[in-house]
Amino acid sequence: MKVTFWLLDINSETTNDATELWLWGIDEKGNRVLVVDRSFVEYFYAVVAEDFEPSKVAEEIREIHGAATVKLEVAERKLFGKPVQTVKVYCRNPAEKAKFARALRNLEGIKDCLEDDIRLSMRYLIDNNVVPCAWHEVDADEEESAQCTRADKIYAAKSPPRLLEKSDVPSLRTLSFHMTCYSREGAPKPDRNPVIIISTVASTGEERQFLPNTDNNDKSLIQEFVAYVQKLDPDIIAGYGTNTLDWNYLRERCRTLGIKLDIDRACTEPHTSVYGHVSLTGMANIDIADFADQFPEVKVKTFRNLAEHLGVAKTAESPVIEDVDFADYWDDKHKRTALKQFSMDSACSVKGMIELLLDFAMQFSSLVSLPLDHVMTAAVGFRVEWFLIKHAQKIGELIPKRVEQPYRPYAGGLVLKPQAGLHENIAVLDFKSMYPNIMIAYNLSPDTYVSPKEQEPASGVFTAPEVKHKFRKAPPGFYKEILTYLIGVRSEIRDKMKTLNPESVEYRVLDARQKAVKVITNAAYGYAGWIGARWYIKPVAEAASAWGRHTIQTAISMAEKAGLKVVYGDTDSLFVTYDEKKTRELEKEIEKELGLDVEREVYVRIFFTEAKKRYAGLRKDGSLDIVGLEVIRGDWAEVAKKVQEHVLEIILKEKSSQKAVSYVQSVVDELKLRKVPFRDLIIWKTLTKPVEEYAVKASHVEAAKALKSRGWRLAVGDKVGYIISTGEGKLYDRAKPHVFATIDDADVDYYVSKQVVPAAARVLEFFGVTEEDLLKIAARKEQAAKSLMEFMK
DNA sequence: GCGTTCAATGTACCT
DNA sequence: ACAGGTACATTGAACGCG
């Protein structure tokens, strides 16, 4: 019979002589189905050395390793664009594949073995064009479940499923959860500290809270949670930080308690898998923390900050309860309710976030073919790579191995020195998708590179400026094909979106898709220059940036010839004096001569410092565009950022440095009297390595040590918030974690002289106001106030 | 011994 | 675990002076 299903998850089960692919999905009636395909045979490629006859090599493999092979096929493939002869070796024992490939590498006539490092489930998806988060049709027979499987129906596939053109998403059951543990001895440890609350919210809105029945006995709590998950049978389980914390904790805790964390659809326990995601067989475990890097404007990526940014924080004004305070709240009868509420609110926020973010994850998953539970956990480089692998397979390009490479930097984009000061009426011309378009225009690709040793192909070559790397003109390389496809698809999607109601489900799904497409398109250049890339060929990235520099330089000449003054530029943008007619002509010329679309934005007024990458522009609608300055940096105290922002506003809108100076003074006065919110004094910095590994002492590291000694759990990548307190010694001696400090501890002189005044002076020094001026004025006022006080006495 | 100078360290940003 | 280009604060050792 024909079964139509939407693919949610895939896993493989291998024994010594059998391979099963388990495809978990949802059919059109809403049944949760498992389709088992037993037809797949694992294989790898043996690349035949030059001057060897592939059929002879195959014959030899058969003679020596006949028992280990199911069959052997001679096949022509490409490797970095060059034709190679291979023997495709199908393995009898899937578990021995890598070992078998290693043995064959030593065989005479075999240069290398490839693709033995591709995981079975991915291999299956790629080879059969089976796509996660997409609909398929399969010819299959229903069968009885032999093992523990929580599926409404189980089928045995007669052949691999076929992808269907059907873009809707079935209705999914989602469970969002939040877990709280109890510890009086620092960070909770699963071998000794219990779970005290698990709050869950289902997509139906059903809320549940699991609590210990007698104090601090969590065995029944977890058992009830497990039973509930089994009963609800969700397709998606979402939480925050769950890949790194919650699942491991639960798993370990269950081991300690002697119970089974039996919640997935194959009656197995959660297990950590590739890219550090935790896999729940048959369902998709999603960690909202993996989405955080999409929101660079959220500087301190706590669960609460992200929820607030997305507008889904349950009760915006209720206090955040820190992990270390959980025990106190739990033990205090009056505060326990607040803790329970906090936990439930958190679960609700998770639900709110997953509702906003799931579309994007599903579109990403289907675009690059990584299963839904891995795709957001995998770094961008790997998402790009899987997309490439999928295409490579289609064109017979072998998937190279990742090889360790020494890091060799190369020249990147060109940045012009800005004309410091205020400018009126400036147009910014941006070359749209410059790197992807350059890669398309000059056919830059790992498989089109012509090394100096090689003969030039008949098609002729494009030679990159400065670096002189050569790329064949034809036929198109696989980057060109992919990028052309991606750019085309994105514009198709955007055209279609224009015909839809922005509130509609379809619009939302398409918007998620075009975002995913954009990410892959923009990351292709970076991927090409990444030493960890399977298809790393430095000249590809180096040529792209060389052509980029050439492009912007050409555009500068054009602008100058047209009588437009260039005041700044960075990589793919030019800031020119705006003249409606001349600018339009320049844009046309760039589009015609350089083949790049130009996007224009006009600033009424713009301010440049002497430094590159730091400026602020005033748009027509009155809004400010602040770039690179302290205002948008996460490692400056809010008090300084607010002052600088307001100074910029006064300068850009009113051009009054006098007014700006008196504003700065007023804040300095308030700061000296500690009349500013305490949180505006907190400085946040990321721990980029374990605290022991720092070569020099630093404030945030000292603050981190203090936190750790008081039970805080801190990992690399976490942000530490501290203030500079009064007292003796270096700054790092006076850094206090913000949670241990009050405004009375703050060294206001530090905040005046090292935060507020420098941030303000960064702008005001172009108007003749120095740091000393700002400090002096403040000091003089202070002196005057003191004198007055004396007098009053 | 003490203040100054400057390279090294560290973080976060821009395109 | 996508790239290079850039600004800036702080530390800490080297340096210069007396």
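All chains are named by letter (A, B, ...) in the order of the sequence lines, taking the proteins before the strands, and each is independently numbered beginning at 1.
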Would you mind classifying the nucleic acid contact of [X] as base, sugar-phosphate or nothing, using non-hydrogen atoms under 4.0 angstrom?
{"X": "A/Arg762", "answer": "sugar-phosphate"}
{"X": "A/Phe431", "answer": "nothing"}
{"X": "A/Ala378", "answer": "nothing"}
{"X": "A/Tyr410", "answer": "sugar-phosphate"}
{"X": "A/Tyr407", "answer": "sugar-phosphate"}
{"X": "A/Tyr750", "answer": "sugar-phosphate"}
{"X": "A/Tyr435", "answer": "nothing"}
{"X": "A/Ala379", "answer": "sugar-phosphate"}
{"X": "A/Lys719", "answer": "sugar-phosphate"}

Walk along DNA chain C from 5' to 3' and tell me the first and last nucleotide with an atom closer than 4.0 Å to a non-hydrogen atom of chain A.
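First and last nucleotides in contact are C/dA1 to C/dG12.
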Drop me the distance from [X]'s [atom1] to [Y]'s [atom2], to the nearest 0.5 angstrom.
{"X": "A/Lys390", "Y": "A/Leu388", "atom1": "NZ", "atom2": "CG", "value": "12.0 Å"}
{"X": "A/Met439", "Y": "A/Phe471", "atom1": "CE", "atom2": "CZ", "value": "8.5 Å"}
{"X": "A/Lys705", "Y": "A/Leu687", "atom1": "NZ", "atom2": "CG", "value": "10.5 Å"}
{"X": "A/Leu618", "Y": "A/Glu649", "atom1": "CG", "atom2": "CD", "value": "9.0 Å"}

Among A/Lys754, A/Lys641, A/Arg614, find the residue that satisfies the salt bridge (charged side-chain N to carboxylate O under 4.0 Å, His left out) test when tested with A/Glu630.
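For A/Glu630, the salt bridge (charged side-chain N to carboxylate O under 4.0 Å, His left out) check succeeds only for A/Arg614.
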Using atom types as modelled and distance alone, determine if a side-chain donor or acceptor of A/Ser623 lies under 3.5 Å from a backbone N or O of A/Arg619.
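Absent.
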Please confirm whether the backbone N or O of A/Val602 pairs with a side-chain atom of A/Tyr578, one donor and one acceptor, at under 3.5 Å?
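The answer is no, because no donor-acceptor pair under 3.5 Å joins these two groups.
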Closest-nucleotide mapping onto DNA chain C: is A/Lys730 or A/Ala411 further toward the 5' terminus? I mean the 5' end.
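Looking at DNA chain C, the more 5' nearest nucleotide goes with A/Ala411.
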For C/dA1 and B/dT11, measure between their P atoms and round to the nearest Å.
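Approximately 15 Å lies between the P atom of C/dA1 and that of B/dT11.
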In a check of side chain to side chain donor-acceptor pair (under 3.5 Å) between A/Asn285 and each of A/Thr377, A/Asn243, A/Asp373, which one passes?
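Running side chain to side chain donor-acceptor pair (under 3.5 Å) over A/Thr377, A/Asn243, A/Asp373 with A/Asn285 returns exactly one hit, A/Asn243.
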A quick test of your reading: do over 12 heavy atoms of other residues, nucleotides or ligands sit less than 6.0 Å from NE2 of A/His550?
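Check fails, neighbour count at 12 or below.
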Strand contacts (DNA chain C) in [range], 4.0 angstrom heavy-atom criterion:
{"range": "residues 679-693 of chain A", "value": "none"}
{"range": "residues 526-533 of chain A", "value": "A/Gly526, A/Tyr527, A/Gly529, A/Trp530"}
{"range": "residues 627-649 of chain A", "value": "A/Trp636"}

Mind running a 4.0 Å heavy-atom check of residues 695-704 of chain A against DNA chain B and sending the residues that fall below it, in number order?
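Within residues 695-704 of chain A, the residues near DNA chain B are A/Ala695, A/Val696, A/His700.
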Any side-chain N or O of A/Tyr694 less than 4.0 Å from the OP1 or OP2 oxygen of B/dA8?
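Answer no for this pair, as no side-chain N or O of A/Tyr694 is under 4.0 Å from OP1 or OP2.
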Can you check the A/Glu297 CD to B/dC13 P distance for me, whole Å?
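Interatomic distance, CD of A/Glu297 to P of B/dC13: 11 Å.
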Given atom CD1 of A/Ile552 and atom C1' of B/dC14, what is their separation to the nearest angstrom?
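From A/Ile552 CD1 to B/dC14 C1': 13 Å.
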Ring centers of [X], [Y] separated by less than 6.0 Å:
{"X": "A/Trp535", "Y": "A/Phe478", "value": "yes"}
{"X": "A/Tyr442", "Y": "A/His469", "value": "no"}
{"X": "A/Phe291", "Y": "A/Phe360", "value": "no"}

Quick one: is the NZ or CZ of A/Lys685 closer than 6.0 Å to the six-membered ring centre of A/Tyr722, and within 45° of its axis?
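Cation-pi check for A/Lys685 and A/Tyr722: fails.
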Which word best sums up how the rings of A/Tyr694 and A/His700 line up, parallel for under 30°, tilted for 30 to 60°, or perpendicular for over 60°?
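Judged by the thresholds at 30° and 60°, the geometry between A/Tyr694 and A/His700 is perpendicular.
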Residues in ring-ring contact (aromatic ring centres under 6.0 Å, His included) contact with A/Phe740, at least two apart in sequence or another chain
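By the ring-ring contact (aromatic ring centres under 6.0 Å, His included) rule, A/Phe740 matches A/Trp712.
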Between A/Lys730 and A/Glu702, does any NZ, NE, NH1 or NH2 come within less than 4.0 Å of an OD or OE carboxylate oxygen?
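Judged by the 4.0 Å cut-off on N to carboxylate O distance, A/Glu702 and A/Lys730 do not form a salt bridge.
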Any ion pair linking A/Glu638 and A/Arg679 (charged N to carboxylate O, less than 4.0 Å)?
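No.
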